[in-house]
Amino acid sequence: MPGLTITSPSGALGSNPSIRLRGISGSLNGGGAQPLILLDNVEITDLQNVNPDDIEAISVLKDAASASIYGTRAAWGVILITTKSGKKGAPTRINYSNNISFATPTQTPEMAGAAEGAEMALIAFRRTNPTLPRYGVVGMYVDDIAVQKMREWKQLYGSQDLGREMVLGRDFEIRDGFFFPYREWDPGKEYMNKWSPQQKHDLSFSGGSEKISYNFGAGYLGQTGVLKVNPDEFSRYNVTLSLNSDITNWFSARGRTMLSNTLTTQPYSFNGDTYDPLYYLYRWPSQFPYGTYNGLPFRNAVEEVRQAKMSEDRNNFSRIAVGGTFKIVKGLTVDADYTYSGVNGRGRQTGGSASAIDFWSTGAQLTYRPFTTATHDRVIYDSDWIASNNGRVVATYQKSIKDHAFKVMAGGEAETFEYASQRSERRGLMDPNKGELGLTSGDQFTSGSHGHWATSGIFGRLNYTFKDKYLFEVTGRYDGSSRFPANDRFAFFPSVSAGYVITEEKFMSFARPVLSTLKVRGSWGTVGHQNVGNAFLSLMSTNTSGWLVGPTNMIGVSTPSIVPPSLTWEKVTDLNFGVDARVFEEKLGISFDWYTRTTSDMISAGVTLPNSFGASAPQRNYGEMQVKGWELALDFAHTFGNGLQLNLTGSLSDFQENLTKFANTTKTVGSFYEGSNLRDIWGYQTDRLFTNDDFQQDATGNLIMVNGRYVLKPGIPSQAQFETASFFFGPGDVKFKDINGDGVITRGANTVDDPGDQEIIGNSTPRYQYGLRLGTNWKGFDFDIFFQGVGSRDLWVHSPATVPGVGIGEGWYASQLDYWTPENPGAFYPRPSNVGQTANTTNFLRQTRYLLDMSYLRAKNLTFGYTLPSRISERVKLNKARLYFSGENLFEKDNLGDISIDPEMDYTTLGSNDPRTFGRVYPYRRSFSFGLQVTL
């Protein structure tokens with residue numbers, strides 16, 4: 001579907017994808033351009049609760065003219081999901097399908113070899129201290145002897161299976177009171193299974209009589225994750241039932257119910273909520289010990305998982321919908337529907353402690369002891385609760401008068417939404433194997449939240465068609481939201497669309513049958529945006545004040561935020577033009593759209609006020625964001641004389657988001673400002689790596705140094721602004737281009753008007769998204785393959801997985817071994833150095849050379865099936881039987897070189913706490929499956 005962006009930042013079990021439509025942000029407020037997802041015309045917030053086998057059809061409404069009738073929460077479009085229902089007069093059919101699959105990671109980080117990584121780290125450390133004898137990290141040490149011992153170990157034992165038990169003198173040594181490990185480990189192999197199973201089963205009954213139709217479905221999904229010990233698991237049970245009945249000739253009733261239960265189990269995380277699970281697994285170098293000594297394990301991420309209790313997260317979703325259709329007079333119907341949806345989630349975590357040889361803290365003593373903190377000796381219960389009610393009444397009247405066709409629709413809708421959550425924690429487990437609040441004796445902690453909102457609106461729509469040639473539609477909706485002040489809760493939002501089918505004109509008859517359909521269309525519409533947080537509420541926060549009354553730290557209350565009375569709705573306005581055509585006897589279809597989406601009156605920072613004002617400057621409706629994009633879709637179908645059916649579909653789309661109005665007089669590089677493209681990446685143009693010829697030399701060819709620094713030759717731009725007390729540029733370091741020609745490389749004032757030598761070097765928006773599907777069918781055999789990709793996406797990531805030297809003593813990666821030495825002057829990476837934890841510094845200022853190219857092509861799905869001939873299936877009393885094989889994420893082509901990350905990877909929720917987690921997240925999966933589909 002062109003214009004639809006679906007991403008998952010990692011491959012974690014049970015995670016929801018991020019869905020965006022015609023944009024990423026939409027507004028600087030809210031959760032981005034997330035379309036409203038409706039399941040049978042009522043919102044569904046978690047797609048994990050939906051069984052794909054229950055889905056009958058999916059359609060997407062992209063522009064405001066089509067989506068506006070769904071109200072303020074449809075500002076970014078609508079995805080309509082319709083579930084299956086039975087057919088009246090149809091015989092009872094029983095359908096069963098299953099799928100058994102096995103998944104393996106697409107990409108996992110590849111660490112540098114023990115000796116190679118240790119040597120890089122030593123070089124980096126000795127740039128600061130050339131006489132450094134050794135360096136240490138978390139209690140283990142490296143020196144020149146250790147590097148040689150690591151090489152010897154790999155040569156002697158690297159191809160052998162030595163088991164997990166480590167031997168003193170062979171795998172590690174204690175020298176001069178320091179712990180020196182030599183043995184090389186593959187942490188992923190210790191932590192993850194190569195293959196993980198999954199199974200899915202679905203059963204349904206459907207049919208109907210003359211006045212009644214029904215459909216019942218039940219499904220089960222079971223997934224096992226990648227963990228070798230204490231494997232993580234995800235399971236889901238679904239039950240759905242739909243029933244439709246003609247009660248009288250003027251009234252029909254309908255009802256649907258849906259139940260979903262999911263359970264996610266995973267080991268308790270002793271790393272807390274800051275880092276993704278694989279962060280520590282791929283944090284340390286390859287000599288980091290994952291084995292045992294005298295039968296006791298060393299401290300590591302694998303051992304944490306091995307000793308962890310299993311955490312549970314349950315989610316129960318229920319939905320009940322009832323409705324009816326009244327046939328008032330000929331052409332006039334009234335539909336009334338009510339839906340209740342409820343979510344009950346419950347989680348339980350039991351911590352405790354983990355024990356191992358804690359070389360982190362005790363070094364060469366190799367003391368076996370608990371290494372987790374007392375804060376993990378706890379049990380946590382958390383729960384959340386959601387209840388929503390949706391009522392909708394719609395009257396529809398249709399009338400045709402000769403060549404004129406009219407359709408009028410009018411109705412109203414109201415929705416309430418309430419949510420609550422709580423978290424209870426108590427420490428001091430009496431029995432580590434029984435994590436219950438009542439079986440603890442320590443401190444207690446609680447927290448919770450509670451909120452609600454409501455929307456309501458009345459709407460109307462008029463459709464007019466003349467001779468199926470001229471098409472016209474106008475829509476209006478008067479919407480209200482409880483998120484806004486009482487005097488500004490309601491607003492009116494109109495939309496209009498028109499179409500012209502040119503091929504219905506007589507003068508176009510000459511083009512048939514080559515051109516069978518040609519239609520031009522356009523639409524304009526506006527929708528309110530209500531998801532702006534608490535912008536309309538004057539809030540006061542509380543915190544401890546630091547004032548003691550006796551032993552009590554008193555609670556303080558901040559001054560209230562100021563909400564100006566002029567603050568009002570954000571408005572989203574769409575303008576769309578398109579053309580649809582079918583050619584070659586309707587075998588080839590072409591559809592093209594060009595659109596703009598403008599978010600106006602965007603709530604943004606107000607005018608800067610003096611401190612004497614006494615509060616933060618009030619926000620105002622000043623900002624404006626615009627999305628401009630286009631979409632192309634193609635489809636082709638043909639049946640050959642031998643019965644071979646061929647079908648092709650393809651799509652290509654692109655968009656850019658920019659701020660057309662925004663108050664920012666400073667315009668600091670990387671900030672929001674008027675005219676800026678969202679997600680622009682500012683940086684430097686990389687020239688090359690410095691060589692000896694860039695620096696002054698004495699008569700013997702030795703480099704001249706003044707005050708411990710190399711001296712550039714005349715005409716070579718200075719980069720001294722980026723040097724530090726411990727880092728200065730020399731041969732093998734990065735040389736940047738002098739963009740402004742002033743003879744020095746600087747940030748200037750670090751503003752858009754004076755950026756020095758910085759410029760826009762990329763953009764992280766996924767552009768030129770494309771898809772291609774090929775399908776064939778012949779004599780019962782069917783084949784389908786789908787390719788998907790992104791043509792352009794840049795990303796600058798400050799993570800050890802992508803930037804060598806971030807965390808100098810920690811793990812270095814195999815992709816970083818091509819680094820500069822006098823013997824390897826044509827290397828890709830510069831001379832190793834201590835980049836540190838600060839992003840955008842020294843050799844790794846944001847620049848073109850190390851900017852990640854995240855474009856890719858992926859074989860998303862391949863399916864090959866065979867349907868038994870009816871003469872065979874009928875012999876065994878089957879209406880239809882099909883066997884199939886399927887593969888997901890079969891292969892990909894990217895431009896990341898040797899960097900071992902998946903091209904679809906992005907920052908996770910936990911990863912937003914620390915960008916260094918990028919690349920060390922739960923792996924994406926490549927799966928192979930087979931299944932059976934049977935209809936009785």
Side-chain angles (χ1 to χ4, degrees), residues 10-12 104-118 120-121 137-140 142 150 153-154 157-166 171-172 179 181-196 225-232 266-267 269-271 275-293 297-308 354 356-360 371 799-802 804 806-807 809-817 898-902 905 916-925:
S10 76
T104 187
T106 60
Q107 286 271 18
T108 54
E110 182 181 356
M111 308 302 295
E116 293 80 5
M120 291 173 70
V137 59
V138 292
M140 60 181 187
V142 171
M150 293 173 195
W153 186 95
K154 191 169 186 177
Y157 307 109
S159 60
Q160 300 182 34
D161 183 3
L162 301 178
R164 296 184 65 235
E165 181 67 13
M166 297 176 66
D171 300 322
F172 68 93
F179 172 52
Y182 305 140
R183 181 173 176 176
E184 186 171 297
W185 297 85
D186 182 348
K189 185 177 179 181
E190 299 297 319
Y191 190 79
M192 294 182 287
N193 285 311
K194 180 68 175 176
W195 294 94
S196 303
V226 299
L227 301 185
K228 268 188 174 180
V229 293
N230 278 343
D232 48 328
Q266 57 189 358
S269 174
F270 289 103
N271 298 322
Y275 298 107
D276 286 294
L278 271 66
Y279 174 81
Y280 279 100
L281 182 71
Y282 289 108
R283 182 175 183 179
W284 309 117
S286 295
Q287 72 269 22
F288 188 89
Y290 286 92
T292 60
Y293 178 54
F298 283 91
R299 174 182 176 179
N300 53 64
V302 176
E303 200 57 39
E304 286 185 10
V305 170
R306 193 188 311 275
Q307 298 185 36
I357 297 174
D358 188 12
F359 61 95
W360 292 39
F371 61 85
S799 164
T802 58
V806 176
E810 300 178 8
W812 297 66
Y813 290 76
S815 60
Q816 300 162 359
L817 292 176
D898 295 328
I899 299 175
S900 51
I901 61 175
D902 192 281
M905 187 174 293
R916 293 176 301 163
T917 64
F918 186 91
R920 299 182 283 188
V921 299
Y922 203 99
Y924 290 83
R925 296 184 296 277

* Would you say N230's side chain and V305's backbone share a donor-acceptor pair under 3.5 angstrom? -> yes

* With E190, which residues qualify under side-chain hydrogen bond (donor to acceptor under 3.5 Å, both in side chains), at least two apart? -> none

* Structure fact -> Output for pair (S815 OG, I901 CD1), nearest 0.5 Å, gives 9.0 Å

* **Over 12 non-hydrogen atoms of neighbours within 6.0 angstrom of CD in E810** => yes

* If you look at every heavy atom in P923 and M192, which pair is closest and at what distance? -> CG-SD, 4.0 Å

* Asked: With distance as the sole test, does Q816 use its side chain to make a donor-acceptor pair with the main-chain N or O of P800 at under 3.5 Å?
  -> yes

* Is atom CG of D898 surrounded by more than 12 heavy atoms (other residues, nucleotides or ligands) closer than 6.0 Å? -> no

* To do: Using the side-chain contact (heavy atoms from CB on, under 4.5 Å) rule, take E165 and T292 through it: C-alpha gap first, then chi angles, then the decisive distance, then the call.
  => CA-CA 5 Å; E165 181 67 13; T292 60; 2.6 Å; yes

* **Closest non-hydrogen atom pair between S196 and G225, with its separation** => OG-O, 2.8 Å

* **Pair F288-V137, side-chain contact (heavy atoms from CB on, under 4.5 Å): steps then yes or no** => CA-CA 10 Å; F288 188 89; V137 59; over 6 Å; no

* For the pair D186 (side chain) and G188 (backbone), establish whether a donor and an acceptor sit closer than 3.5 Å, ignoring hydrogens and angles. => yes

* Structure fact -> d(M166 CE, R183 CZ) to nearest 0.5 Å is 6.5 Å

* To do: Please answer whether the main-chain N or O of P109 pairs with a side-chain N or O of R920 as donor and acceptor at a distance below 3.5 Å.
  => no

* Structure fact -> For P297 and Q307, the nearest pair of non-hydrogen atoms, with its separation, is CG-NE2, 4.4 Å

* Write down the atom of W185, the atom of G163, and the distance for their closest heavy-atom approach. => CH2-O, 4.3 Å

* First locate atom OH of Y280, then atom CD of E304, and finally report the distance between them rounded to the nearest 0.5 Å. => 8.5 Å

* Could you please spell out the steps behind the side-chain contact (heavy atoms from CB on, under 4.5 Å) verdict for Y813 and M111? => CA-CA 4 Å; Y813 290 76; M111 308 302 295; 3.4 Å; yes

* Set of residues satisfying ring-ring contact (aromatic ring centres under 6.0 Å, His included) with respect to F179, sequence neighbours excluded -> F172, F298, F359

* To do: Give, for atom OH of Y290 and atom OH of Y191, the distance between the pair rounded to the nearest 0.5 Å.
  => 10.0 Å

* Structure fact -> When every non-hydrogen atom of I899 is compared with those of A801, the smallest separation belongs to CG2-O, 3.9 Å

* To do: Drop me the distance from T108's OG1 to D902's CG, to the nearest 0.5 angstrom.
  => 11.0 Å

* Start with the C-alpha distance between W284 and N300, add both sets of side-chain angles, then the distance that settles side-chain contact (heavy atoms from CB on, under 4.5 Å), and finish with yes or no. => CA-CA 10 Å; W284 309 117; N300 53 64; over 6 Å; no

* With distance as the sole test, does S286 use its side chain to make a donor-acceptor pair with the main-chain N or O of E184 at under 3.5 Å? -> no

* Main-chain N/O of F918 paired with S799 side-chain donor or acceptor, under 3.5 Å -> yes

* Rounded to the nearest 0.5 Å, how far does CG of D171 lie from CG of L162? -> 6.5 Å

* To do: For R925 and T106, work out which heavy atoms get closest and say how close.
  => C-CG2, 3.7 Å

* Any donor and acceptor pair, going by atom type alone, linking the side chain of S900 with main-chain N or O of Q107 inside 3.5 Å? -> no

